[in-house]
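Below is one structure; the comments refer to it alone.
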Amino acid sequence: MKIEKPKGTRDFYPQDMAWQNYITDAWRRVSIRHGFEEVDGPIFEKLDLYKVKSGDGIVSELFSFRRENGTTDFALRPEFTPTLARMVADKANSLPKPVKWFTIPNLCRAERPQRGRLREFLQWNVDLLGLEGELADAETILVAVDFLRELGVTPEHVRVKISHRDVVRNILIKLGVAEENILDAFNLLDRRDKMEVEDFEKAAMKLGLDEHRVQRFQEACRSRYRTGSLGSLCKAIGMPEEDVKELQELDDKLHALGIAEWCEYDLGIVRGLAYYTGVVYEIHESSGAERALAGGGRYDNLINLFGGPKMPAVGFGMGDVVLSNLLRDKGLIPENVAPRPDVYVIAVSDAGSEKVLPLIADLRAKGLHARFSYKTTKNMGRLLKEAVGSKAKFACILDDAEATAQVKNLDTQEQVEVGIDEIAKYLHENL
RNA sequence: GUGACUGUAGCUCAGUUGGUUAGAGCACCGCGUUGUGGUCGCGGGGGUCGGGGGUUCGAAUCCCCUCAGUCACCCCA
């Protein structure tokens, strides 16, 4: 009987796993050097945890279950933020501030798979809590940008699109959108690029905007502004600079951190969910072809909502699927992401064969990644080919010589004779 | 949940208006080239042609259904 793997899941063969590790290693390395500490939580939570902030609408898109004869509903985690909020709320008073945490959870969502979206995926989360001011927002953006830079991505490849929920809300209200229609208006903004202009206008008018105001709505939210030009943004949409002072502070910090050229303001970015409270941002491939590479923003009410104190919070998530698409399309996949063996031991005579296993054990005990051939052939050409195929840095050739071996650098083709007892030392010095 | 497209070996694909026992390259396994690199040569395993039904003397090929995958919509935490 053949059982297929569940829809939208992946099997990780060695090559796939090496690639996955390449990404997660970089996520971890970059997080740590920016002063973030790794955390994790359960892979499933009580279903209620996901209802607190999102409501029931989201429930159909998650994998939920109940133990046989049990009474509690659980769900595989579709995101990490609720778990994080719970963890922070639980120990809010004893955690040193600010809280700088990162995590690399696998998440599950019961959606139909398509490009850039699977039912199980990895998502890097970086969150900074308990720090007032826009430096916090800027620092999370810095972490994301630094990561992308580390993998060879440039400002030409991607744009960090920044917006602010209150700014957009102000514009909408000034244009005459009623308070109770604000979320619908956000939603409309979010989808604007997928809609025909006519449909967009029709939907906008439903929210209470006349023809003239739809036009201004369009102008305000479809334009992009460079960093350092918030003044002209205000002028263009007729807004006092006072109303964008948080964005201005963020702007200053982005310049101070040297990442302003990666960023731009795009008031069409609002993010889907209701819990964001201030700055929101998404990272997109420049042409806009892919879905968002990362998304985040400020959620100052969430810790409070989960029973903790009121605490400022900002963070983002980046999924591995869209990231991999981007890196592949931009030709940014390194040739070797799997670990290279330090040395490949081969025997080209019967006497040499006797020495293989003791040498292998010795090399490995001394911390070297050492491999050998399971074949019985003594054909040196064939064995060297196998060594090269393994991507080993050195080959160690054992022959009839009593106490020495030939150690060959497979990259440079240099070959030297080394005493068998000295091989580990030689390799450590020359790797 | 809706729609479009695609299913032949692990991968990329051939396969004549329907006609013998379904093929190639790469990959994998083995051997040889009797001691220095991705060669070359020989050999091998592996496919109920996604599955089921139908038309036909005969189906990978034509028709219907179904399953899976991809992409788009919905949604996107």
Side-chain angles (χ1 to χ4, degrees), chain A residues 1-11 13 15 45 49-62 75-85 105 107-119 121 123 125 186-187 190-191 194-196 199 270-276 280 282 289-297 299 302 315-319 321-322 325 344 346-352 374-401 405-416:
Chain A
M1 177 164 62
K2 186 185 175 186
I3 298 178
E4 286 152 340
K5 73 177 155 57
K7 187 194 293 294
T9 61
R10 293 172 288 183
D11 291 329
Y13 291 89
Q15 244 186 332
E45 290 271 11
L49 185 77
Y50 302 114
K51 290 182 175 173
V52 170
K53 70 164 203 206
S54 318
D56 291 350
I58 224 75
V59 170
S60 64
E61 308 230 307
L62 33 101
L76 295 178
R77 57 186 178 189
E79 59 172 330
F80 189 76
T81 307
T83 299
L84 177 117
L107 306 178
C108 295
R109 301 178 183 174
E111 299 171 299
R112 198 84 164 251
Q114 56 184 281
R115 182 174 174 81
R117 181 204 271 178
L118 297 172
R119 286 185 158 192
F121 55 96
Q123 191 186 70
N125 280 242
F186 280 173
N187 205 345
D190 210 25
R191 293 183 330 190
K194 282 184 183 170
M195 299 177 73
E196 298 294 327
D199 293 337
V270 289
R271 309 277 305 142
L273 219 66
Y275 67 79
Y276 286 111
V280 289
E282 290 181 352
E290 302 283 347
R291 62 183 60 240
L293 179 63
Y299 50 98
L302 204 60
F316 71 85
M318 177 186 292
V321 184
V322 178
N325 284 344
Y344 206 97
I346 65 180
V348 294
S349 73
D350 289 336
Y374 294 95
K375 291 187 169 64
T376 55
T377 180
K378 303 291 186 297
N379 182 321
M380 187 178 297
R382 177 176 294 279
L383 291 167
L384 276 173
K385 182 177 166 182
E386 199 173 323
V388 168
S390 79
K391 302 282 201 285
K393 296 170 190 165
F394 286 87
C396 177
I397 303 161
L398 294 168
D399 52 22
D400 288 332
Q406 303 294 323
V407 175
K408 179 168 188 172
N409 183 319
L410 292 173
D411 293 331
T412 65
Q413 311 205 25
E414 286 172 275
Q415 183 169 318
V416 295

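The sequence lines fix the lettering, A, B, ..., with proteins before strands; numbering per chain opens at 1. Everything numeric in this text was worked out from a predicted model, so none of it was measured.
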Task: Consecutive-pair stems (3 or more, Watson-Crick or G-U, under 3.5 Å) for RNA chain B - done: B:1-7 with B:67-73, B:10-13 with B:23-26, B:28-32 with B:40-44, B:50-54 with B:62-66
Task: Position toward the 5' end of RNA chain B (nearest nucleotide), A:K5 or A:Y276 - done: A:K5
- [ ] Could you pick out which residue, A:K7 or A:C108, lies toward the 5' side of RNA chain B when each is mapped onto its nearest nucleotide?
- [x] A:K7
Taking only the [atom1] atom of each, what is the distance from [N] to [M] in whole angstrom?
| N | M | atom1 | result |
| --- | --- | --- | --- |
| B:U66 | B:G1 | P | 14 Å |
| B:C65 | B:U6 | P | 15 Å |
| B:G50 | B:U8 | C1' | 10 Å |
| B:G46 | B:G53 | P | 25 Å |
| B:C5 | B:A22 | P | 32 Å |
| B:A59 | B:G51 | P | 15 Å |
| B:G43 | B:G23 | P | 16 Å |
| B:A60 | B:G19 | P | 10 Å |

Please round to the nearest 0.5 Å and tell me the distance separating atom [atom1] of [X] and atom [atom2] of [Y].
| X | Y | atom1 | atom2 | result |
| --- | --- | --- | --- | --- |
| A:E386 | A:Y374 | CD | OH | 10.0 Å |
| A:T412 | A:F394 | OG1 | CZ | 7.0 Å |
| A:M380 | A:D399 | CE | CG | 7.0 Å |
| A:I346 | A:T377 | CD1 | OG1 | 10.0 Å |
| A:E61 | A:E111 | CD | CD | 4.5 Å |

Open item on the list: For A:C108, is there any backbone N or O sitting under 3.5 Å from a side-chain donor or acceptor partner on A:R77?
Closed with: no
Open item on the list: Between A:K378 and A:T376 (side chain of the first, backbone of the second, donor and acceptor by atom type, cut-off under 3.5 Å), is there such a pair?
Closed with: yes
If I take atom [atom1] in residue [X] and atom [atom2] in nucleotide [N], what distance separates them, rounded to the nearest angstrom?
| X | N | atom1 | atom2 | result |
| --- | --- | --- | --- | --- |
| A:E282 | B:A77 | CD | C1' | 12 Å |
| A:E386 | B:C28 | CD | C1' | 13 Å |
| A:F121 | B:A77 | CZ | P | 10 Å |
| A:E111 | B:C75 | CD | P | 11 Å |
| A:R10 | B:G69 | CZ | C1' | 16 Å |
| A:L84 | B:A77 | CG | C1' | 14 Å |
| A:R115 | B:A72 | CZ | P | 7 Å |
| A:N187 | B:C75 | CG | P | 7 Å |

Task: Under 3.5 Å donor-acceptor pair, A:R117 side-chain atoms to B:C76 base atoms - done: yes
Open item on the list: Between the base of B:U70 and the side chain of A:R112, is one N or O donor paired with an acceptor at under 3.5 angstrom?
Closed with: no
Task: A:Q114 vs B:C71: side-chain N/O to OP1/OP2 distance below 4.0 Å - done: no
TODO: If a protein heavy atom is under 4.0 Å from the base, mark B; if only from the sugar-phosphate, S; if neither, -; do that for nucleotides 33-40 of chain B going 5' to 3'.
DONE: B-BBBBS-
Open item on the list: I need the minimum non-hydrogen distance between A:T9 and A:K5, along with the two atoms involved.
Closed with: O-NZ, 3.0 Å
- [ ] Would you mind telling me which of B:A72, B:A77, B:C76 lies closest to the side-chain atoms of A:R291?
- [x] B:C76
Open item on the list: Any base atoms under 4.0 Å from A:R271, or only sugar-phosphate, or nothing? Heavy atoms, all strands.
Closed with: sugar-phosphate
TODO: Could you give me the CA-CA distance, side-chain angles and deciding distance for A:V321 and A:R10, then say whether side-chain contact (heavy atoms from CB on, under 4.5 Å) is met?
DONE: CA-CA 11 Å; A:V321 184; A:R10 293 172 288 183; 4.2 Å; yes
- [ ] For the pair A:E290 and A:R115, find out whether any cationic side-chain nitrogen is under 4.0 Å from an anionic carboxylate oxygen.
- [x] yes
- [ ] Return the set of residues passing ring-ring contact (aromatic ring centres under 6.0 Å, His included) with A:F80 (not counting sequence neighbours), or none when no residue passes.
- [x] none
